Student: 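Can you keep this structure in mind? I'll have questions shortly.
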Amino acid sequence: MTSDPSNLQIAAAFDELADLYELDGAIVHRVLAYRGAAKAAREATVSIAALTRQGTVTSLPGIGKTLEEKIVALLDTGEIPAAVKLRAKYPAGLLEMTRLPGLGPKRARRLFDELGIESLAMLRAAAEQQKLRDVKGFGAKFEQSVLSSIDAGIGERPAQRVLLHRALTAGEQIVAALRAHPAAERVELAGSARRQADSVKDLDIIATASDPGALVRALADLELIESASAPNENAARGRTHTGLPVDLRVVAPENFGNLLQHFTGSAAHNVALREAAVRRGLHVSEYGILDDATGETLRCATEEEVYERLGLTYPEPELREDRGELAPGFVAPRLVTVEDLRGDLHMHTTASDGRNTIEEMARAALAHGYEYIAITDHSATHGFGDHVTPDELMRQIERVADVNERLGGAIRVLAGTETNILPSGAPDYDDELLAQLDWVIASVHTSFGMPAEEMTKRMVAAIEHPWIDAIGHPTGRKISSRQPYALDVDAVIDAAARSGTMLEINSAPDRRDLNDVHARAAVEGGVTLLIDSDAHGAERLEHVRWGVATARRAWVEPAHVANTRPWPQFAALRKRARK
DNA sequence: GCCGTTTTCGGCCCGACTGTTTTCAGTCG
């Protein structure tokens, strides 16, 4: 018996089934049911395999009797029979083909049935030989489009997504530049960038203007924009120099709220919002709210009006993922902000792989308005050459004391470490040394490939260690480049709550680890979170913005975060304060 | 395939665009 599939693997199996059923011509609602189940699996904070064995998996939204059976089959045999059958029927190349613009599952299926086309290569050949136009519904224009799409490499890989910090930095500059235009009135970023998602695929900007045509044409002239075109007086589409698509829509002021709400999404949020509206006899679109009873359409100048008309509490954009923000009893959380943070407990200096000295980091943190920071260089076995030996760590403690003296108490600098969690679960300094520090954060940097059970044991051992105050980047994921290591996050949360060990939201823009779903589960499990920059240079202290973004998506309030507290209260949360 | 202030069947968000088509299905966001 191999180990159970992770929630992410189960979600992937459902997504695959959705694609296969779609090719097979299933009704769209059945396909959407599988996609919904995949979302539920990705966002579940407990092990779906475990729930299934307990017989309670159907308590998850969107998972009923049939999907339960399919999970059981996956657990027992490692396969879902329907998927095996459908894979044999529809070659994998068909799914690649559906990545081309204008070619969805229905049309791909038709080409497969009538011409036997089952790969991008065969599709390309048929387009070149002008054979596609023989099939009803296909013409010369489509053949052209196929050739140019395949030549552009579309189809070989999924659409590129850009990390939030890059997209949002560009998006904010574009918004600022548009706001400075004389024709501009309101200009706001929408879409996944506004929701502070992990990554985005384009920027959506919604505006009102005294002269819409002038604003729309102005997009092309912005320094950040490589090229743009305006198909009409109210919309422009462009690309930044890094290739990020930008959509600008100018709308009448009385409709601004409807458009901003619509284009902020998420898709799942909007679908749930509209379903809730239909139950009240209302129909929501980007143009307004149509009332069945009166036949009139209400146009909303602000988003607040949209939610108010629907009888819903306004949810901050970060919450709009259909994760309970539309539920009847929803109470808007007071989300944590960068300004709430009073300290940063994870950063590096020249002693390991950082670029600045202790004093430089301390002065930068002081300028940032912090009351306290911890210096946490990499430990003895970091393995990248830039580690701190036990002797060196002793000298580091003295250097921190010197800096504290020189700064005259303006900021409190803690002598700490980011100690490696060895495969055994032990830290790589001995307890006597850890006891002399002010602060210990522990992280996994090696042996990522352990099975979930061993990795969980390793992590729980570290969490239960008497001198480890917090776990750094607990799942090891790197957004769009590295999967989290196999880990029972629920068991980690339990252990952290029991032992009073903090779990970090690491703010490195490609980590944001814990992620939004896990951070929310941690808070619900009674864990105190920590939001850290993991800065390797003084200017990177600003990165806490991205950790805060993840925290906000996790419904996190200031009280859930240790480093929003003044020093005496924070100090008391450390394990060493309880000895 | 799921689900219930429409409760065990019959619904399941909304609209624009596209290319191919004489009225629209499929795709996309």
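Throughout, a chain's letter reflects where its sequence line sits, starting with A, and its residues are numbered from 1. Owing to the predicted nature of the structure, the values given are computational and were not obtained by experimental measurement.
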Student: Starting at the 5' end of DNA chain B, which residue's closest nucleotide do you reach first, A:Phe142 or A:Lys106?
Tutor: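 Upstream on the strand: A:Phe142.
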
Student: For the side chain of A:Glu275, counting heavy atoms from C-beta on, which of B:dG26, B:dC13, B:dG15 is nearest?
Tutor: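 Looking only at side-chain atoms, A:Glu275 lies closest to B:dC13.
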
Student: Quick one: is B:dC2 close enough that its OP1 or OP2 comes under 4.0 Å of any side-chain N or O from A:Thr66?
Tutor: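 Result: yes.
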
Student: Looking at every strand, decide which applies to A:Val28 at a 4.0 Å heavy-atom threshold: base, sugar-phosphate, or nothing.
Tutor: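 No contact.
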
Student: Do you know which of A:Arg30, A:Arg35, A:Arg109, A:Arg107 makes salt bridge (charged side-chain N to carboxylate O under 4.0 Å, His left out) with A:Glu22?
Tutor: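 It is A:Arg35, the one option of A:Arg30, A:Arg35, A:Arg109, A:Arg107 that forms the salt bridge (charged side-chain N to carboxylate O under 4.0 Å, His left out) with A:Glu22.
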
Student: How many angstroms lie between atom CG of A:Asn515 and atom CZ of A:Arg477, to the nearest 0.5 angstrom?
Tutor: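 It is 5.0 Å, given to the nearest 0.5 Å.
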
Student: Reckon A:His283 has a side-chain N or O less than 4.0 Å from the OP1 or OP2 of B:dC14?
Tutor: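 Answer yes for this pair, as a side-chain N or O of A:His283 is under 4.0 Å from OP1 or OP2.
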
Student: So, is A:Arg274 near the phosphate of B:dC13, with a side-chain N or O under 4.0 Å from OP1 or OP2?
Tutor: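 Negative; the distance criterion is not met.
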
Student: When the P atoms of B:dT21 and B:dA25 are compared, how many Å lie between them, rounded to an integer?
Tutor: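 14 Å, rounded to whole Å.
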
Student: Taking B:dC17 as the reference, what is the distance to B:dC12 when you measure between their C1' atoms (whole Å, please)?
Tutor: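 My reading of the C1' atoms in B:dC12 and B:dC17 gives 24 Å.
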
Student: Could you check which of B:dG26, B:dA16, B:dG1 has an atom nearest any side-chain atom of A:Arg107?
Tutor: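 Of the candidates, B:dG26 comes closest.
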
Student: What is the distance from CG of A:Leu100 to P of B:dT27, rounded to the nearest Å?
Tutor: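 To the nearest whole Å, that distance equals 12 Å.
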
Student: With a non-hydrogen cut-off below 4.0 angstrom, is A:Val31 in contact with a base, only sugar-phosphate, or nothing?
Tutor: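 Counting heavy atoms under 4.0 Å across all strands, no contact is made by A:Val31.
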
Student: Calculate the interatomic distance between A:Leu310 atom CG and B:dC14 atom P; express it in whole Å.
Tutor: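 Atom CG in A:Leu310 sits about 12 Å away from atom P in B:dC14.
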
Student: For B:dC28 and B:dT20, measure between their P atoms and round to the nearest Å.
Tutor: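 Result for the P pair: 14 Å, nearest Å.
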
Student: What is the distance from CZ of A:Arg30 to P of B:dC3, rounded to the nearest Å?
Tutor: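 In whole Å, B:dC3 P and A:Arg30 CZ are 16 Å from each other.
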
Student: Find the distance A:Leu95:CG to B:dT27:P and express it as a whole number of Å.
Tutor: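 That distance rounds to 13 Å.
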
Student: Counting only Watson-Crick pairs (N1-N3 plus N6-O4 or O6-N4) and G-U wobbles (N1-O2, O6-N3), all under 3.5 Å, who is the partner of B:dT8?
Tutor: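 By the stated definition (distances under 3.5 Å), nothing pairs with B:dT8.
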
Student: Of all the nucleotides listed (B:dG15, B:dG1, B:dG19), which has the minimum atom distance to the side chain of A:Lys141?
Tutor: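 Minimum distance to the A:Lys141 side chain belongs to B:dG19.
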
Student: Contact class for A:Ala140 (heavy atom, under 4.0 Å): base, sugar-phosphate, or nothing?
Tutor: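 Answer is sugar-phosphate: A:Ala140 comes under 4.0 Å of backbone atoms only.
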
Student: When you get a sec, tell me which of B:dT21, B:dG15, B:dC14 is the closest nucleotide to the side chain of A:Lys136?
Tutor: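 So the side chain of A:Lys136 is nearest to B:dT21.
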
Student: Between B:dG11 and B:dT6, how far is it from one P atom to the other, in whole Å?
Tutor: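 Here B:dG11 and B:dT6 have their P atoms 13 Å from each other.
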
Student: In whole angstrom, what separates A:Leu103's CG from B:dA25's C1'?
Tutor: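 Roughly 14 Å, once rounded to whole Å.
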
Student: In plain terms, say whether A:Arg124 and A:Glu128 are close enough for a salt bridge, that is, a side-chain N and a carboxylate O under 4.0 Å apart.
Tutor: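 Yes, this pair counts.
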
Student: How far does CZ of A:Arg552 sit from OG1 of A:Thr337, to the nearest 0.5 angstrom?
Tutor: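 One gets 7.0 Å once the value is rounded to the nearest 0.5 Å.
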
Student: Picking from B:dT20, B:dG1, B:dC14, which would you name as closest to the side chain of A:Ala33?
Tutor: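 So the side chain of A:Ala33 is nearest to B:dG1.
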
Student: Under 4.0 Å, heavy atoms only, any strand: does A:Leu67 hit a base, just the sugar-phosphate, or nothing?
Tutor: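 It contacts sugar-phosphate atoms only.
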
Student: Is A:Glu321 paired with A:Arg42 through a side-chain N to carboxylate O contact shorter than 4.0 Å?
Tutor: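 Between A:Glu321 and A:Arg42 there is no salt bridge, as every charged N stays at least 4.0 Å from the carboxylate O atoms.
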
Student: Regarding A:Arg320 and the six-membered ring of A:Tyr314, is the cationic atom NZ or CZ under 6.0 Å from the ring centre and inside 45° of its axis?
Tutor: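 A:Arg320 over A:Tyr314 ring: yes.
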
Student: Using 0.5 Å steps for rounding, measure from the CG atom of A:Leu310 to the OH atom of A:Tyr307.
Tutor: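 Answer for the CG-OH pair, A:Leu310 versus A:Tyr307, is 8.5 Å.
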
Student: Distance check: side-chain N/O of A:Lys70 vs OP1/OP2 of B:dG1, anything under 4.0 Å?
Tutor: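 Yes.
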
Student: Round to a whole Å and report the spacing from CG of A:Leu20 to C1' of B:dG1.
Tutor: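 Value for this atom pair: 16 Å.
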
Student: Is the phosphate of B:dA16 approached by A:Tyr287 (side-chain N or O, under 4.0 Å from OP1 or OP2)?
Tutor: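 The answer is yes; a side-chain N or O of A:Tyr287 sits under 4.0 Å from OP1 or OP2.
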
Student: How far, in whole Å, is B:dC13 from B:dC3 if one measures between their P atoms?
Tutor: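 Their P atoms lie roughly 14 Å apart.
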
Student: Heavy atoms from C-beta onward define the side chain here; which of B:dT21, B:dG1, B:dC13 lies closest to that of A:Val271?
Tutor: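 Looking only at heavy atoms from C-beta outward on A:Val271, the closest nucleotide is B:dC13.
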
Student: Is the positively charged end of A:Arg512 above the ring of A:Trp546, judged by distance under 6.0 angstrom from the centroid and angle within 45° of the axis?
Tutor: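 Checked: cation-pi criterion not met.
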
Student: On a whole-Å scale, what distance lies between the C1' atoms belonging to B:dT22 and B:dG29?
Tutor: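 Comparing C1' positions in B:dT22 and B:dG29 gives a spacing of 28 Å.
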
Student: For the pair made of CG in A:Leu290 and C1' in B:dG15, what is the distance, rounded to whole Å?
Tutor: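 Result: 13 Å.
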
Student: In whole Å, what is the span from the CG atom of A:Asn255 to the P atom of B:dG15?
Tutor: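 Computing the A:Asn255:CG to B:dG15:P distance gives 13 Å.
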
Student: Mind checking the C1' distance from B:dG10 to B:dG15? Whole angstroms is fine.
Tutor: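 It comes out at 24 Å once rounded to the nearest Å.
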
Student: What nucleic acid atoms does A:Leu17 come within less than 4.0 Å of, heavy atoms only: base, sugar-phosphate, or nothing?
Tutor: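 If one applies the 4.0 Å heavy-atom cut-off, A:Leu17 turns out to touch nothing in the nucleic acid.
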
Student: Students often get this wrong, so: under 4.0 angstrom with heavy atoms, is A:Tyr34 touching a base, only sugar-phosphate, or nothing?
Tutor: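 Sugar-phosphate, no base atom in range.
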
Student: Between B:dC14 and B:dT8, how many Å separate the two P atoms, rounded to a whole number?
Tutor: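 Roughly 24 Å separates the two P atoms.
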
